[in-house]
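First comes the structure, then the notes that go with it.
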Amino acid sequence: MTISRNELRQAAGEDRSLLRLVAIALVAGAIIGCVGAIFRVALEHADRLRDTMIAWAHGHAIWGFLIIVGTCVIAASVAAWMVRRFSPHASGSGIPHVEAVLHEQIPPAPFSLVPVKFFAGLLAIGAGLALGREGPTVQMGAGIAVFAARICRLDWADCRVLLAAGAGAGLATAFNAPIAGVVFVLEELIHRFDRRVAVGTLAMLATAIPIARLFLGDASDFRVAPLSYPDAEAVPLFFVLGAVAGLLAIAYNRTLLAALAVRDRFAKSPVELRAGLIGASVGILAWFAPELVGGGDQITQRALIGYESPAIVALAFLIRFGLGPLSYAAGTPGGLFAPLLVLGAQSGLLFGAACRHLLPALNIQPEAFALVGMAAFFTGVVRSPLTGIVLVAEMTANVTMLLPMLGACLVAMLLPMLLRDPPIYDSLREHTLRLEQQIRERCGACSKAPDNK
């Protein structure tokens, strides 16, 4: 079999194109790692500042209460104003917007989205809204990657590769989980294995994670005590946990979409007013229970070490179950992953504690169920089991519970599918497309308005 000169030239051109793509991805990955790490460090400082303010305010009675609530109102309102004024696509998680762009349903957002996502997300999450840091970093990573592609005048095919890779680098930076970043791109964003996308993602992660770890360190996000593999008699309990997680996931998805529907009914009212009212609710909760607001990493950590009594965990679970959708309805930047991990850990811990009480003969560690619950609840909501399993394994530096996670995630994914409950990002992407249509209609109305000058 002979190869023609044209085929050789074509192969050489593809090799040069791939090397150019990798070179751009390495540079863009370093920038994404730096921006994502700074964002995470800034959020940690914002959390400490919020806790310090609340502690100070408790010494000033009614005035302290008003200051805390007023600060949350102002922060949420300003964040919503920044989104409305400068970049409407920065609202919410950002992952549905990235998916819509990858599916060529809407064009990429302008680069102005990146600073809006950074500062508005810092205000909203720092104020205590129950939102995750990963949504902003995913969308910022995608925005930086698209900007790099435009500077280098890449065609849409290569721009699409960099966009997906930048989103994966953003997720990996947010959770210090590089392998989860790759799996997230292939499983959730493009839904298939693509060699070019895989190479671009690996290239971005090769620089994003080392740069991010210069700021964040290389330790896993959560500490977990040594866990023993469950006894054979206890293995079926993880399948039951998966069913519980699947049902809770359906309830959470519907609650989140209901919150957005209620918000949309008041679309004529200023977005700043709506965000301010939600900020006031969060401020009131922060006054009485400051440990329950914000992204929730500290709540997840307490669940993984079984720090609190089941009654307290159950109450915290109910509050966070409602606080997450309420916070998302504010229209400010913020993700879903971190709040999902909170609820998964809490529900798993409660299930494990109940099993240990009802089945004392079995050697049951409730903390193991908390860890498995994180992956199972995530899978039930998002329907990306591999991403959930790898993400939890990397964040906890624990692989002992991989097999129980497989069983729990199987049932947590199967049950919502049988009940015809769509994945949350599919529903949110439809909401994003409706938002895009509204933006186009407003822009069209503005362009057709007569000039009264």
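Not measured: the values here are computed from a predicted model. No hydrogens, no waters, no symmetry mates; every other heavy atom, side chains included, goes into these values.
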_Ser91 side chain vs Gly331 backbone, donor-acceptor pair below 3.5 Å_ = yes

*Any residue meeting ring pair (Phe, Tyr, Trp, His ring centres under 6.0 Å) with Phe321, in chain and number order, not counting sequence neighbours*: Tyr252, Phe317

_More than 12 heavy atoms of other residues, nucleotides or ligands under 6.0 Å from CZ of Arg356: yes or no?_
no

*Side-chain heavy atoms of Ile144 within contact of Val35, under 4.5 Å*: yes

*Going by heavy atoms in the side chains, are Val411 and Phe238 under 4.5 Å from each other?*
no

*Can you say whether the rings of Phe337 and Phe184 are parallel (under 30°), tilted (30 to 60°) or perpendicular (over 60°)?*
perpendicular

*Leu371: which of Leu304, Thr300, Thr400 passes side-chain contact (heavy atoms from CB on, under 4.5 Å)*: Leu304

_Could you report the tightest heavy-atom contact between Leu247 and Leu419, atom names first, then the distance?_
CD2-CD1, 4.2 Å

*Heavy-atom side-chain proximity of Leu362 to Leu359 below 4.5 angstrom*: yes

*Met374 side chain near Leu340 side chain, heavy-atom distance below 4.5 Å*: no

_Applying salt bridge (charged side-chain N to carboxylate O under 4.0 Å, His left out) as the test, list every pair that has at least one member in residues 133-148; sequence neighbours left out._
Arg133-Asp221, Arg133-Asp297

*With a 4.5 Å heavy-atom cut-off, do Asn398 and Phe222 have their side chains touching?*
no

*Answer yes or no: is there a donor N or O on one side and an acceptor on the other, between the side chain of Arg20 and the main chain of Cys152, under 3.5 Å?*
yes

_How long is the straight-line distance from CZ of Phe215 back to CD of Glu44, given to the nearest 0.5 Å?_
12.5 Å

*Say you draw a straight line from OG of Ser347 to CG of Leu241; how long is it, rounded to the nearest 0.5 Å?*
6.5 Å

*Please step through side-chain hydrogen bond (donor to acceptor under 3.5 Å, both in side chains) for the pair Thr387 and Glu188, ending with a clear verdict.*
CA-CA 8 Å; Thr387 301; Glu188 175 62 26; over 6 Å; no

*Quick check: does any side chain N or O of Arg320 sit under 3.5 Å from a backbone N or O of Leu343, one acting as donor and the other as acceptor?*
no

*asked:* Quick check: closest heavy atoms across Pro325 and Thr255, and the distance to 0.1 Å?
replied: CG-CG2, 3.7 Å

*State, with a plain yes or no, whether a side-chain heavy atom of Val27 is found less than 4.5 Å away from one of Thr207.*
no

_Looking at Arg223, I want to see if its CZ is surrounded by more than 12 non-hydrogen atoms of other residues, nucleotides or ligands under 6.0 Å._
no

*asked:* Pair Arg383, Asp421 - check salt bridge (charged side-chain N to carboxylate O under 4.0 Å, His left out), show working.
replied: CA-CA 10 Å; Arg383 311 294 150 73; Asp421 182 71; 2.8 Å; yes

*Sequence-distant partners of Glu367, side chain to side chain contact (heavy atoms under 4.5 Å, CB included), two or more places apart*: Leu227, Gln365

_Walk me through whether Arg192 and Asp194 qualify under salt bridge (charged side-chain N to carboxylate O under 4.0 Å, His left out)._
CA-CA 6 Å; Arg192 62 187 175 87; Asp194 184 299; 3.2 Å; yes

*Distance from Gln346 atom CD to Phe377 atom CZ, nearest 0.5 Å?*
10.0 Å

*Polar side-chain atom of Thr137 near backbone of Gly170 as donor-acceptor pair, under 3.5 Å*: yes

*What do you reckon, is NE2 of His103 surrounded by more than 12 foreign heavy atoms closer than 6.0 Å?*
yes

*Take Asp51 and Arg48 through the salt bridge (charged side-chain N to carboxylate O under 4.0 Å, His left out) test and state the conclusion after the steps.*
CA-CA 5 Å; Asp51 293 340; Arg48 287 194 291 268; over 6 Å; no

*Closest non-hydrogen atom pair between Gly200 and Val161, with its separation*: CA-CG1, 4.5 Å

*Residue pair Leu122 / Ala46: nearest heavy atoms and the distance that separates them*: CD1-CB, 4.2 Å

*Backbone N/O of Ala90 and side chain of Lys117: donor-acceptor pair under 3.5 Å*: yes

*Within-4.5 Å side-chain heavy-atom neighbours: Val101 and Gln105*: no

_Tell me the closest heavy-atom pair linking Asp218 and Arg213, and the distance in Å._
CB-CD, 3.9 Å

*Any chance you could lay out the side-chain contact (heavy atoms from CB on, under 4.5 Å) test for Leu162 and Leu21, step after step, and finish with the verdict?*
CA-CA 8 Å; Leu162 288 181; Leu21 186 70; 3.8 Å; yes

*Considering residues, nucleotides and ligands other than Arg85, do more than 12 of their heavy atoms fall under 6.0 Å from its CZ?*
no

_So, taking the atom named CG in Leu18 and the one named CG in Asp158, what distance separates them when rounded to the nearest 0.5 Å?_
9.0 Å

*Answer yes or no: is there a donor N or O on one side and an acceptor on the other, between the side chain of Ser327 and the main chain of Ala130, under 3.5 Å?*
yes

*asked:* Using side-chain hydrogen bond (donor to acceptor under 3.5 Å, both in side chains), reason through His431 and Arg434 one step at a time and then give a plain yes or no.
replied: CA-CA 5 Å; His431 192 272; Arg434 291 195 297 270; 4.5 Å; no

*Any chance you could measure Asp264, atom CG, to Leu257, atom CG, to the nearest 0.5 Å?*
10.5 Å

*How far apart are the C-alpha atoms of Cys409 and Phe378, what are their side-chain angles, what is the distance that settles it, and do they pass the side-chain contact (heavy atoms from CB on, under 4.5 Å) test?*
CA-CA 9 Å; Cys409 289; Phe378 177 94; over 6 Å; no

*Which residue, Trp81, Phe118, Phe111, forms the ring pair (Phe, Tyr, Trp, His ring centres under 6.0 Å) with Phe86?*
Trp81

*asked:* Taking the side chain as everything from C-beta on, heavy atoms only, tell me whether Ile211 gets closer than 4.5 Å to Leu214.
replied: yes

_Sidechain-backbone polar pair: His357 side chain, Ala353 backbone, donor-acceptor under 3.5 Å_ = no

*For the side chain of Arg160 and the backbone of Leu102, is there at least one donor-acceptor N/O pair under 3.5 Å apart?*
yes

*When you measure from the side chain of Gln139 to the backbone N and O of Ile95, does any donor-acceptor pair fall under 3.5 Å?*
no

*Closest non-hydrogen atom pair between Ile68 and Gly283, with its separation*: CG2-O, 3.9 Å

*Give the C-alpha distance, both sets of side-chain angles, the deciding distance and a yes or no for side-chain contact (heavy atoms from CB on, under 4.5 Å) between Thr432 and Ile106.*
CA-CA 9 Å; Thr432 297; Ile106 58 177; 4.3 Å; yes

_Chi angles and distances behind the side-chain hydrogen bond (donor to acceptor under 3.5 Å, both in side chains) call for Arg196, Ser17_ = CA-CA 11 Å; Arg196 203 169 179 88; Ser17 173; 2.7 Å; yes

*asked:* Measuring from atom CZ of Arg40 to atom CG of Asn176, what distance do you get when rounded to the nearest 0.5 angstrom?
replied: 6.5 Å

